[in-house]
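Each remark here refers to the structure printed beneath this line.
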Amino acid sequence: MSAVEAVERLRSGEVSPLEMVEAAIARIEAVDGEVNALPVRLFEQARAKARQFDVAAGEGPGWLAGLPVAIKEFNDVAGVPTTYGSPIYARNIPERSDLTVRNLEAHGAIVLAKSNVPEFAGSNTFNPVYGTTRNPWDLRMTAGGSSGGAAAALAAGEVWLANGSDLGGSLRIPASYCGIAGLRPSVGRVPRGEGLPAFDPLWVEGPMARSVADLALMLDAQVGPEREDPYAQAVPGQSFGADLTTAKPPHRVAFTSDLGLGRQVDSEVVALCRTATARFGSLGAEVYDGGPDLSGSIESYQTLRALMIANVRGGLLPEHRERIAPEIVWNIEKGFNLTAAEILAAEAARHRIFNAMTGFFRGTDILACPTVVLPPFPVEERFPTEVNGEPLETYIDWMFLTFCLSLTGCPCLSVPIGLTKSGLPVGLQLVARPHADADLLAAGHLLEKAIGLPSLPIEPRRGPAVAG
């Protein structure tokens with residue numbers, strides 16, 4: 001059952017919120033022992049809220065009408081630990097839920113569990129507090145990260161919707177790796193709370209789901225103006241879900257395998273993504289090879305990310321260095337050691353890249369490229385160290401297809417488009433001009449229908465599956 005269908009049944013009274021909560025609990029108990037996607041379980045709390053929701057069902061059930069959801073472990077839920085995957089925060093129990101959770105609950109969501117994350121940040125979901133999340137498509141492989149628990153839970157059918165967050169690909173990469181849909185919205189489309197630097201545009205919150213229509217539903221439950229976020233945008237005049245009912249294909253779609261940056265991308269991934277992009281041609285779009293000039297984006301992002309990580313987590317280093325993952329220590333120290341010239345150069349590059357992107361979209365509607373440079377890798381590897389035999393310099397170099405686009409502020413959508421020969425999911429990343437989230441979702445929705453992949457969820461398995 002899709003999230004859209006589940007909400008329709010909730011609204012009609014065909015099922016109750018408590019029945020949905022019990023169904024999700026049964027599925028989690030059946031499969032999550034192998035996947036470890038939702039280690040923090042709020043079952044009794046969810047049951048209590050569902051019973052209360054039953055009584056007040058006619059008093060404005062919101063967009064989600066009593067649907068149980070998963071919340072990322074980076075987000076605060078009142079009375080529940082928020083550890084960020086670090087034992088340093090094992091006793092961090094917030095008294096108040098954060099803005100993301102409060103908005104979702106105000107729109108009818110019932111928090112059922114918290115999804116696993118890497119320690120502080122990263123794109124392989126393992127940490128010393130809750131352990132490792134595995135990919136349901138092949139339990140030997142990573143689910144990606146940092147929203148890896150959310151993506152794995154969706155793929156395995158444990159919940160209908162989950163929130164994610166995205167700095168350099170933390171929402172899009174696990175979406176690609178788990179064969180689900182994930183949206184990094186335009187900056188300000190989903191308001192953020194007080195836990196993040198107010199004027200940082202790199203970290204955004206967004207929806208994750210098994211289909212684009214379900215994404216649109218969750219996005220409707222997340223948007224809204226908010227005084228806590230200086231970038232927050234007004235609620236659109238029409239819902240994102242309603243926009244999909246009149247979706248029109250884009251006129252021009254550009255495909256690039258590497259964003260023009262000359263970096264290595266797995267050849268099978270490129271072939272699958274190129275074939276999927278060509279499907280826009282059957283919808284009436286002009287499809288061509290090309291893209292904006294994003295030169296300097298890798299260096300700019302590395303600098304700005306280091307600055308943010310040092311700002312947010314740098315205070316931990318003097319006392320807790322030995323308890324922090326070495327990659328995070330490296331990123332903090334990089335931030336501390338930046339020169340004024342490096343920061344100025346990164347900001348100048350970001351300005352130029354944004355102008356290049358907006359100029360590009362004057363003549364093109366959608367930019368398409370792979371979401372990740374390679375398929376899911378073995379979960380025991382902390383991060384990839386090479387692509388096509390070419391060594392990588394840092395632990396995030398393999399994420400350049402997502403993090404370079406984070407700089408632009410544009411909405412980015414990862415949609416599943418097929419499987420490798422070994423049966424692992426591959427996502428195609430679609431990008432639209434800033435604030436064109438509705439147009440982007442429409443393009444993804446139409447492509448999803450054109451490709452016609454079998455619907456999720458899947459049964460977790462260990463070992464390769466037959467590719468479809």
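Note that the coordinates shown come from a computational prediction; the quantities given were computed from them, not determined experimentally.
Note that NZ of Lys248 and CG of Asp243 are 11.5 Å apart. Values are rounded to the nearest 0.5 Å. Note: Asn337 CG to Glu342 CD = 9.0 Å, rounded to the nearest 0.5 Å. In this structure, OG1 on Thr125 lies 6.5 Å from CG on Asn116, to the nearest 0.5 angstrom. Between atom CG of residue Leu440 and atom CG of residue Leu183 there is a gap of 6.5 Å, rounded to the nearest 0.5 Å. Interatomic distance, CD1 of Ile324 versus CG of Leu316, reported as 5.0 Å (0.5 Å rounding). Summarising the geometry, atom OG belonging to Ser267 is positioned 10.0 Å from atom CG belonging to Leu272; distances are rounded to the nearest 0.5 Å.
Between the Glu268 side chain and the Lys421 main chain, a donor and an acceptor come within less than 3.5 Å of each other. The backbone N or O of Ala150 lies less than 3.5 Å from no partner atom in the side chain of Ser147, so there is not a single donor-acceptor pair. With Trp203 contributing its side chain and Asp200 its backbone, the two residues share no donor-acceptor pair below 3.5 Å. Using a distance-only test at 3.5 Å, with no hydrogens or angles considered, a donor-acceptor pair links the side chain of Trp63 to the main chain of Asp220. With hydrogens and angles ignored, the 3.5 Å screen pairs a side-chain donor or acceptor of Asp214 with a backbone N or O of Val4. The backbone N or O of Ala78 sits less than 3.5 Å from a side-chain atom of Ser97, completing a donor-acceptor pair. Judged by distance alone, the side chain of Glu119 and the main-chain N or O of Ala325 form a donor-acceptor pair under 3.5 Å. The backbone N or O of Ala346 sits less than 3.5 Å from a side-chain atom of Ser300, completing a donor-acceptor pair. A distance-only check finds a donor-acceptor pair linking the side chain of Arg189 to the backbone of Ala234 [under 3.5 Å]. For the pair Asn127 (side chain) and Val117 (backbone), a donor-acceptor distance under 3.5 Å is present.
Applying the 6.0 Å contact sphere to CD of Glu390 captures more than 12 heavy atoms from other residues, nucleotides or ligands. The local environment of NE2 in His251 is sparse, with at most 12 non-hydrogen atoms from other residues, nucleotides or ligands closer than 6.0 Å.
Of all heavy-atom pairs between Ala151 and Met208, the closest is CB-CE, 3.8 Å. Taking every heavy atom of both residues into account, Leu338 and Ala306 meet most closely at CD1-CB, 4.4 Å. Nearest heavy-atom pair, Phe255 versus Val270, reported as atom, atom and distance to 0.1 Å: CZ-O, 4.1 Å. Pairing each heavy atom of Cys410 with each of Pro434, the nearest pair is SG-CD, 3.7 Å. The two residues Pro191 and Thr100 have their closest heavy-atom pair at O-OG1, 4.5 Å. Summarising the geometry of Cys369 relative to Leu259, their closest heavy-atom pair is SG-CD2, 4.0 Å, with the distance given to 0.1 Å.
Salt-bridge formation is not detected for the pair Asp76/Arg96: no Lys NZ or Arg NE/NH1/NH2 atom is positioned less than 4.0 Å from an Asp or Glu carboxylate oxygen. Between Arg321 and Glu333, at least one side-chain nitrogen of the basic residue sits less than 4.0 Å from a carboxylate oxygen of the acidic one, meeting the salt-bridge criterion. Between Glu228 and Arg192 there is no salt bridge, since no side-chain N of the basic residue sits under 4.0 Å from a carboxylate O of the acidic one. A salt bridge links Arg433 with Asp439: at least one charged nitrogen is closer than 4.0 Å to a carboxylate oxygen.
Counting heavy atoms from C-beta on, the side chains of Arg140 and Pro378 never come closer than 4.5 Å. Under the 4.5 Å side-chain criterion, counting only non-hydrogen atoms from C-beta, Val329 is in contact with Leu317. When side chains are defined from C-beta on, Asp266 counts as touching Pro375, because their heavy atoms get closer than 4.5 Å. Side chains of Leu219 and Val190 form a contact here, defined as non-hydrogen atoms less than 4.5 Å apart. The shortest distance between side-chain heavy atoms of Met218 and Leu104 falls below 4.5 Å. Asp166 places a side-chain heavy atom less than 4.5 Å from the side chain of Ser406. Contact annotation: the side chain of Leu374 approaches that of Pro384 to within less than 4.5 Å [non-hydrogen atoms, C-beta and beyond].
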Let me check something: any side-chain donor-acceptor pairs from residues 441-449 under 3.5 Å, sequence neighbours excluded? List them with distances.
unit_1: Glu448; atom_1: OE1; unit_2: Val212; atom_2: N; d: 3.4
unit_1: Glu448; atom_1: OE2; unit_2: Val212; atom_2: N; d: 3.1

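Using modelled atom types, one finds no donor on one side chain facing an acceptor on the other under 3.5 Å when comparing Asn103 with His107. Ser186 and Asp437 form a side-chain donor-acceptor contact under 3.5 Å, judged by distance and modelled atom types alone. Thr82 and Lys114 form a side-chain donor-acceptor contact under 3.5 Å, judged by distance and modelled atom types alone. Of the N and O atoms on the side chains of Gln233 and His435, at least one donor lies less than 3.5 Å from an acceptor on the other residue. One side chain, Asn388 or Gln264, offers a donor N or O that lies under 3.5 Å from an acceptor on the other. Between the side chains of Thr83 and Glu73, at least one donor N or O lies within less than 3.5 Å of an accepting N or O. Looking at Thr142 and Asn124, their side chains do bring a donor and an acceptor atom within 3.5 Å of each other. Gln302 and Thr394 share a side-chain donor-acceptor pair at under 3.5 Å. Checked by atom type, the side-chain pair Asn331/Arg305 shows a donor-acceptor distance below 3.5 Å. Neither side chain, Arg184 nor Ser165, offers a donor N or O lying under 3.5 Å from an acceptor on the other.
Every residue two or more places apart in sequence or in another chain that forms a side chain to side chain contact (heavy atoms under 4.5 Å, CB included) with Thr364 is listed here: Arg252, Ala254, Tyr288, Phe360.
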What do the steps show when you test Asn36 against Thr133 for side-chain hydrogen bond (donor to acceptor under 3.5 Å, both in side chains), and what is the final call?
-> CA-CA 5 Å; Asn36 191 32; Thr133 295; 4.6 Å; no

side-chain contact (heavy atoms from CB on, under 4.5 Å) between Asp365 and Phe361, intermediate numbers included = CA-CA 6 Å; Asp365 301 299; Phe361 280 125; over 6 Å; no

Does the side-chain contact (heavy atoms from CB on, under 4.5 Å) test come out yes or no for Trp330 and Tyr395, once each step is laid out?
-> CA-CA 10 Å; Trp330 171 83; Tyr395 83 103; 3.7 Å; yes

Output, in order, the C-alpha distance, side-chain angles, deciding distance and verdict of side-chain contact (heavy atoms from CB on, under 4.5 Å) for Leu430 and Phe280.
-> CA-CA 12 Å; Leu430 304 177; Phe280 280 114; 4.1 Å; yes

Kindly indicate, with the supporting measurements, whether the criterion side-chain contact (heavy atoms from CB on, under 4.5 Å) is fulfilled by Ile110 and Val69.
-> CA-CA 6 Å; Ile110 294 176; Val69 303; over 6 Å; no

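Screening residues 347-357 for salt bridge (charged side-chain N to carboxylate O under 4.0 Å, His left out), with sequence neighbours left out, gives Asp293-Arg352, Glu347-Arg350.
Of the residues listed (Ser123, Ser115, Ser170), the one engaging Ser146 in a side-chain hydrogen bond (donor to acceptor under 3.5 Å, both in side chains) is Ser170, and it is the only one.
Annotation: cation-pi geometry satisfied between Arg313 and Tyr84 (NZ/CZ under 6.0 angstrom from ring centroid, within 45° of ring axis).
Separation of the Trp137 and Tyr177 ring centroids does not fall under the 6.0 Å cut-off.
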